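Working notes for the structure below.
Please read these numbers as outputs of a predicted model, since none were measured by experiment. When reading the values below, keep in mind they use all heavy atoms of this one structure, side chains included, and skip hydrogens, waters and symmetry mates.
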Amino acid sequence: MEEEPGIHFIESGFEIIDEVIKWCQNEDMYLWLDLHGAPGGQTGANIDDSIDDVPRLLLDADSFEKGLALWEEIAKRYASFEVIAGYDLLNEPIRTADPDRHYSDCEFLVPELIRFYEEAIQRIRQHDSNHCISIEGHHWATDTRVFDRQYDSNWVIHFHRYWDAPFIDIFEPFLALSEKFQVPLWLGETGENRLEWFAAVTGICDQNKISYHFWPYKKMGNDNCSVEIKRPNHWDDFIAYSKGGKKIPYQAALKLFNEYLRLIKTDHAILHDEVDQAILRNGTYRLNGINFDGHTILQNELNNESRMETYALSNAGSIQYLKPNFNATKLCLVGKSNHIPAELAINGKGHLIKTNQFTLEITFEPKERGQIVDVENKGQFPIQLDALTWIKGESN
């Protein structure tokens with residue numbers, strides 16, 4: 001849409017959507033249309049192109065009408081397209097206040113957000129009764145307050161989770177809403193974390209029938225996504241310029257971005273199968289040794305300082321794996337401290353550890369479900385753990 005006042009569509013923009021639809025049809029994939037940058041901005045942060053970090057979609061009458069008109073036009077054009085799974089009305093609306101970034105408090109806009117949802121659905125349903133509607137809460141799609149009504153007969157509660165510890169309690173408010181309104185849950189964005197975290201989150205989702213998508217699928221210079229884009233030469237010069245540094249000559253910039261377009265192709269990228277294995281929980285993957293996913297691990301005398309990152313096994317601990325049809329074949333102690341114990345006892349049998357590495361791997365025979373492996377520290381110092389993980393073996 002043109003940014004000038006009034007409703008003026010740009011046909012070349014719809015041609016891009018049409019092209020993506022063809023790609024998805026060819027690859028037998030469903031497509032969700034997500035309004036990530038609404039007219040005026042729905043979030044008030046850098047993810048929505050808002051001018052002054054204020055969600056003006058919900059403040060400015062012209063922007064509000066533009067957003068509604070856009071969804072109505074999309075519904076007119078794409079009502080019969082089965083490859084489109086549905087419409088995500090707004091991505092992460094109304095960010096949190098952040099004094100450090102001079103982000104003001106926009107909580108007062110929540111009623112306007114609800115009004116936008118209701119009116120957008122009404123506009124869409126005048127032309128399209130086929131597609132599912134996705135509704136996200138505010139505060140980066142984490143708050144539940146907009147879910148106070150039955151929005152439609154075909155909709156999904158859409159939420160995001162990134163840095164929370166992967167326990168069932170971070171899902172419980174949404175599970176309660178799903179039960180209340182009898183609608184499915186979609187964890188539409190998650191990721192940007194450790195592989196053990198990935199496997200924990202998807203385990204909880206699978207157990208509770210929550211659909212999920214990891215973000216991003218591709219990322220530059222980062223190995224915790226499925227596809228890693230190699231960093232072009234002189235990319236740091238561009239980053240420095242974007243932060244007010246030395247200007248890059250035109251020809252150098254053109255060469256840099258052409259190189260980026262070459263490297264972004266999957267044929268030139270680095271594929272991380274270990275990420276897919278952790279997300280899909282197949283092959284070999286690791287689980288953190290904390291009390292989620294049906295495991296009770298190191299339940300005795302375990303000092304869990306941050307619930308996710310740091311553990312101290314002072315004298316003894318017990319491991320009891322309770323998950324059905326799961327065989328653990330190896331226990332990994334990943335240390336954060338130089339104080340590596342001289343000796344550990346596994347089920348009363350001492351094993352002399354001779355290593356300067358922080359990772360100690362102890363292999364043992366798979367036990368039957370519910371049996372306990374006792375770990376006792378015979379050294380002078382506690383074991384400082386960065387992660388205590390199962391390495392999954394063959395599943396029965």
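At a threshold of 4.5 Å between side-chain heavy atoms, the hydrophobic network of Ile, Leu, Val, Met, Phe, Trp and Tyr places Ile121 and Val156 in two separate groups. If you chain together hydrophobic residues whose side chains sit under 4.5 Å apart, Trp140 and Trp163 never meet in one group. In the hydrophobic clustering of this structure, Leu261 does not group with Tyr217; members are Ile, Leu, Val, Met, Phe, Trp, Tyr whose side-chain heavy atoms approach within less than 4.5 Å, directly or through other members. Residues Leu31 and Leu90 are members of one and the same hydrophobic cluster, defined by side-chain heavy-atom contacts under 4.5 angstrom among Ile, Leu, Val, Met, Phe, Trp and Tyr. Ile47 and Phe214 are assigned to two separate hydrophobic clusters, defined by single-linkage of ILVMFWY side chains at heavy-atom distances under 4.5 Å.
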Open item on the list: Does Leu113 form a side-chain contact (heavy atoms from CB on, under 4.5 Å) with His138? I'd like the steps, not just the answer.
Closed with: CA-CA 9 Å; Leu113 173 62; His138 62 300; 4.1 Å; yes
TODO: Test Glu92 against Glu189 for side-chain contact (heavy atoms from CB on, under 4.5 Å), laying out the working first.
DONE: CA-CA 10 Å; Glu92 296 186 345; Glu189 282 189 28; 3.8 Å; yes
- [ ] Kindly indicate, with the supporting measurements, whether the criterion side-chain contact (heavy atoms from CB on, under 4.5 Å) is fulfilled by Leu58 and Val110.
- [x] CA-CA 9 Å; Leu58 306 173; Val110 172; over 6 Å; no
Open item on the list: What verdict does the side-chain contact (heavy atoms from CB on, under 4.5 Å) test give for Ile168 and Asn208, after you've listed the backbone C-alpha separation in whole Å, the side-chain angles of each residue and the deciding distance to 0.1 Å?
Closed with: CA-CA 9 Å; Ile168 187 62; Asn208 292 279; 3.5 Å; yes
- [ ] Could you walk me through whether Glu11 and Arg77 pass salt bridge (charged side-chain N to carboxylate O under 4.0 Å, His left out), step by step?
- [x] CA-CA 12 Å; Glu11 198 59 34; Arg77 291 175 182 245; 2.9 Å; yes
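A distance-only check finds a donor-acceptor pair linking the side chain of Ser242 to the backbone of Ile239 [under 3.5 Å]. Although no hydrogens or angles enter the test, the distance criterion places no donor-acceptor pair under 3.5 Å between the side chain of Glu136 and the main chain of Pro93. With hydrogens and angles disregarded, no donor-acceptor distance shorter than 3.5 Å links the side chain of Thr43 to the backbone of Arg95. Side-chain atoms of Lys76 do not come within 3.5 Å of backbone N or O of His127 as any donor-acceptor pair. Although no hydrogens or angles enter the test, the distance criterion places no donor-acceptor pair under 3.5 Å between the side chain of Glu27 and the main chain of Cys24. Side chain of Gln42 to main chain of Asn91: a donor-acceptor pair is present (N/O by atom type, distance under 3.5 Å, no hydrogens or angles). Of the possible polar contacts, none joining the Asp49 side chain to the Gly37 backbone as a donor-acceptor pair under 3.5 Å is found.
Looking only at atom types and distance, the side chain of Glu107 has a donor-acceptor partner in the side chain of His139 under 3.5 Å away.
Ring planes of Tyr87 and His131: tilted class, angle from 30 to 60°.
For Glu192, the salt bridge (Lys or Arg N to Asp or Glu O under 4.0 Å) partners two or more places apart in sequence, or in a different chain, are Lys219.
Look at Glu118 and Arg115 and you find no salt bridge, because none of the NZ, NE, NH1 or NH2 atoms lies under 4.0 Å from a carboxylate O. Ionic pairing of Asp143 and Arg145 is present here: one or more N-O contacts between side-chain nitrogen and carboxylate oxygen are shorter than 4.0 angstrom. Under 4.0 Å is where a charged nitrogen must lie from a carboxylate oxygen, and between Glu2 and Lys66 no such pair does.
Residues Thr190 and Tyr162 share a closest heavy-atom pair of C-CE2, 3.7 Å. Minimum interatomic distance between Pro166 and Ile204 (heavy atoms only, all atoms of both residues): O-CD1, 3.3 Å. Of all heavy-atom pairs between Arg161 and Ile170, the closest is NH2-O, 3.0 Å. Closest approach of Leu187 and Cys205 over heavy atoms only: CD2-SG, 3.9 Å. Nearest approach of Asp88 to Trp71, heavy atoms of both residues: O-CZ2, 3.3 Å. Closest non-hydrogen pair, Leu177 versus Phe147, comes out as CD2-O, 3.5 Å.
A distance below 6.0 Å separates the ring centres of Phe257 and Phe238.
Residue pairs meeting the ring pair (Phe, Tyr, Trp, His ring centres under 6.0 Å) criterion with at least one member in residues 8-37, sequence neighbours excluded: Phe9-Phe14, Trp32-Trp186.
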